Amino acid sequence: MTQPASLPDTFRLALCAFNLASGGASRDSFLAAIDTRLARAKGEGAALLVLPEYLSEAFLAWKPDGLAPTAELAYMAGEAEALLPGLRSLVARHGVSLVAGSVPWPDGAGGHLNRAFALLSDGRDIVHDKLALTPFELDRDSWHLTPGDRVVRFDFAGLSMMMLICLDIEMPALSCLIARDAPDLLIVPSMTSSLAGYHRVFGCAKARAVELMCSVAVCGVVGAAPGTTQNDTNVSGAALYIPCEPSLGYRGVVAEIAPVDGTAGEEPFLVADVPVAAIRELRAGGAEVWPGNWSAETVSLVKE
């Protein structure tokens, strides 16, 4: 199969499992931290840098004294709004697109969404609001969020892309929905407080790469933000998963960095190439068994 001239053979991205302890103590120092990571991504040839879910916890390092946990979402949302122009300027200066993790964002009805922002180097902003909220995100005594209601497919640099956030990737029904128009690249910012959570998210991300015949990039925060009241431990790594096909090396892994807790200052930073053209060849009929010779319309569930 001949690929369109505009389709790249590969797409290089960087995944940073941001250490929340390194976000600084002010807006300016936080922007400087992101500037450093964008410069590193650019220096290693990446066109996109992905940061994790709840990157906004870093903002708690400079929160006002006496801020109640129930007021933290509104505070972080306000800081996110104030920081977005600076983040867009960094993207423009480096020419590297940025998935700026996720932040609380007003839902228009007095509550907050957990929103991931993709700030693209062509000037567009693409957002995804987390669909599958955890019990922690539904606690009325601390952080109580509103779920999103859509998945957005967008095109960038010759690829089709989608974003999901953390627990979203564990939902089989979402995988079925995405399968109708599967992207070349699925981007998954996450936050997990334990190894169990890490393995749930990353294990499901690898499964989605097989199910959807696409690449899945996932990374989570590590460390803890000064001033946090909610997440004093975070464990994660970074990975780029692909279908388990002989032509792609069998294992379904382009590259991955094992999970760490960040307490010693670790911050996994992974640069990897998405094999865009090779996977499109597989989707067009070159795969061993995908998608399988069956139809959901012809199968029923029977209880006995």
Side-chain angles (χ1 to χ4, degrees), residues 16-42 48-130 137 142-146 148 152 163 165-166 187 189-191 219-231 234 267:
C16 177
F18 191 86
N19 192 316
L20 289 170
S22 68
S26 68
R27 292 176 186 170
D28 286 344
S29 56
F30 175 78
L31 287 172
I34 304 305
D35 187 16
T36 298
R37 290 153 178 83
L38 277 168
R40 180 177 176 182
K42 181 178 182 178
L48 171 69
L49 171 64
V50 179
L51 298 175
E53 182 184 21
Y54 285 125
L55 183 70
S56 57
E57 276 224 29
F59 309 162
L60 298 178
W62 64 87
K63 69 181 180 181
D65 292 339
L67 185 71
T70 51
E72 287 177 346
L73 290 178
Y75 168 75
M76 289 187 288
E79 291 301 292
E81 184 176 14
L83 284 162
L84 277 171
L87 292 171
R88 293 187 185 104
S89 293
L90 291 176
V91 167
R93 179 152 61 85
H94 290 287
V96 176
S97 297
L98 176 68
V99 173
S102 81
V103 300
W105 197 257
D107 64 5
H112 292 87
L113 303 153
N114 181 356
R115 175 166 289 186
F117 279 87
L119 310 177
L120 304 181
S121 57
D122 61 14
R124 288 180 293 157
D125 288 2
I126 308 294
V127 302
H128 171 73
D129 298 326
K130 189 175 182 179
E137 292 172 306
S142 55
W143 293 9
H144 188 268
L145 290 120
T146 304
V152 178
M163 294 184 285
I165 299 175
C166 202
I187 301 165
S190 72
M191 168 183 267
C219 66
V221 290
V222 301
T228 185
T229 62
Q230 306 298 311
N231 298 297
N234 291 290
E267 185 180 88

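Just so it is clear, the structure is predicted and the values come from calculations on it, not from any experiment.
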Under a 3.5 Å distance rule, please check whether Arg40 uses its side chain to pair with a backbone N or O of Thr36 as donor and acceptor. no
Please report the closest heavy-atom contact between Ala61 and Gly24, naming both atoms and the distance. CB-O, 3.3 Å
Option among Glu137, Glu72, His112 that satisfies the side chain to side chain contact (heavy atoms under 4.5 Å, CB included) test with Trp143: Glu72
Over 60° means perpendicular and under 30° means parallel, so tell me whether Phe30 and Phe59 are parallel, tilted or perpendicular. perpendicular
Check whether any side-chain heavy atom of Arg93 sits under 4.5 Å from a side-chain heavy atom of Leu38, and report yes or no. no
Could you check whether any side-chain N or O of Thr70 sits under 3.5 Å from a backbone N or O of Ser142, counting only pairs where one atom can act as donor and the other as acceptor? no
Rounded to the nearest 0.5 Å, how far apart are OG1 of Thr229 and CG of Leu67? 8.0 Å
Run the numbers on Met163 and Ser102 for side-chain contact (heavy atoms from CB on, under 4.5 Å), then give the verdict. CA-CA 11 Å; Met163 294 184 285; Ser102 81; over 6 Å; no
So, do Val127 and Val152 sit near enough that their side-chain heavy atoms are less than 4.5 Å apart? no
Is the shortest side-chain heavy-atom distance between Leu98 and Leu90 below 4.5 Å? no
Gap between atom OG of Ser89 and atom CG of Leu83 - 0.5 Å precision: 11.5 Å
CA sep, side-chain torsions, deciding dist, call: Cys166, Lys130, side-chain contact (heavy atoms from CB on, under 4.5 Å): CA-CA 8 Å; Cys166 202; Lys130 189 175 182 179; 4.0 Å; yes
Ser97 (side chain) donor-acceptor with Ser121 (main chain) under 3.5 angstrom: yes
What distance separates Ser26 OG from Leu31 CG, expressed to the nearest 0.5 Å? 8.5 Å
What are the two closest heavy atoms between Ala100 and Leu87, and how far apart are they? CB-CD1, 4.3 Å
Note, Phe117 side chain near Val103 side chain (heavy atom, < 4.5 Å): yes
Could you tell me whether the side chain of Ile34 reaches within less than 4.5 Å of the side chain of Leu51, counting heavy atoms only? yes
Below 4.5 Å, heavy atoms only, C-beta onward: do Tyr54 and Gln230 meet side chain to side chain? no
Quick check: does any side chain N or O of Asn234 sit under 3.5 Å from a backbone N or O of Ala224, one acting as donor and the other as acceptor? no
Could you check whether any side-chain N or O of Thr228 sits under 3.5 Å from a backbone N or O of Ala225, counting only pairs where one atom can act as donor and the other as acceptor? no
So Ile165 and Asn114, side-chain contact (heavy atoms from CB on, under 4.5 Å) or not? Walk me through it. CA-CA 9 Å; Ile165 299 175; Asn114 181 356; 4.2 Å; yes
Do the non-hydrogen side-chain atoms of Leu84 and Leu119 ever get within less than 4.5 Å of each other? yes
Looking only at heavy atoms, the pair that brings Pro64 and Tyr75 closest together is CD-CE1, 3.5 Å
Would you mind reporting whether Met191 and Pro52 have side-chain heavy atoms less than 4.5 Å apart? no
Nearest heavy-atom neighbours spanning Pro85 and Ala82: CD-O, 3.5 Å
Could you walk me through whether Asn231 and Val221 pass side-chain contact (heavy atoms from CB on, under 4.5 Å), step by step? CA-CA 11 Å; Asn231 298 297; Val221 290; over 6 Å; no
Heavy-atom closest contact (Leu49 atom, Ala41 atom, distance): CB-CB, 4.3 Å
Restricting to non-hydrogen atoms, name the atom on Leu20 and the atom on Pro226 that form the minimum distance, rounded to 0.1 Å. O-CD, 4.0 Å
